[in-house]
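Here is the structure we will look at, set down as structure tokens.
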Amino acid sequence: AAGVDVVLLPKRGSAPVNELVQKTAAGALPGLFVVEVTNLARRLKWLAAQGVWLYGAADGASEDWTVPDYRGATALVLGNEAKGLRSLTREHCDGLIRIPMAGSVSSLNVSVATGVVLFEAVRQRRLAG
């Protein structure tokens, strides 16, 4: 729905892309290029060398999710819901962003956080025309 080209999943520590995932994706998975990577840090380094800006969503980041310019080649990097981004993964990001929480909830699950940031990218790209 947000025009994502590719989803990278680490081979270790990620949920398998099985029938349940396909059903939950409500038909979006067949049109999405999903790549399992053995070494995420190496792949992020390669993306950066290709001119892709890397923004990691991280607890404790000082920049709000609306600040970066997502209009160009951009990769969003999100960690798991329990531990967040690993330190080596953080190091490969051009910037770290946060989604401020209101109320008693301290964080969003990874799918909701991804959607929030993706649709900020959609908003920026539509405004740019």
Student check: side-chain heavy atoms of L8 and L47 closer than 4.5 Å = yes
State, without any angle test, whether S111 and N109 hold a side-chain donor-acceptor pair at a distance under 3.5 Å.
-> yes
Across all chains, not counting sequence neighbours, the side-chain contact (heavy atoms from CB on, under 4.5 Å) partners of T114 are L78, V110, L118
Main-chain N/O of A58 paired to R98 side chain as donor or acceptor, under 3.5 Å | no
Selection residues 85-95 - residue pairs positive for side-chain hydrogen bond (donor to acceptor under 3.5 Å, both in side chains), sequence neighbours left out | none
Roughly how far, to the nearest 0.5 Å, is the CG atom of L40 from the NZ atom of K45?
-> 13.5 Å
Minimum-distance pair of heavy atoms, taken over all atoms of P68 and E63 | CG-OE1, 3.6 Å
So, do Q124 and V122 sit near enough that their side-chain heavy atoms are less than 4.5 Å apart?
-> no
Min side-chain heavy-atom separation Y55-T74 under 4.5 Å = yes
E36 side chain near P10 side chain, heavy-atom distance below 4.5 Å = no
Do you know which two heavy atoms are closest between Y70 and V117, and how far apart they sit?
-> OH-CG1, 3.7 Å
Give the minimum heavy-atom separation between A48 and L54, together with the two atoms involved.
-> CB-CD1, 4.1 Å
Could you tell me whether a side-chain N or O of D64 sits under 3.5 Å from a main-chain N or O of V67, the two making a donor and an acceptor?
-> no
Under 3.5 Å: donor-acceptor pair, side chain of Q50, backbone of A73 = no
Would you indicate whether the side-chain heavy atoms of V4 and L76 approach each other to under 4.5 Å?
-> no
Does some side-chain heavy atom of V116 sit less than 4.5 Å from a side-chain heavy atom of W65?
-> yes
Taking everything shown except N39 itself, do over 12 heavy atoms lie less than 6.0 Å from its CG?
-> yes
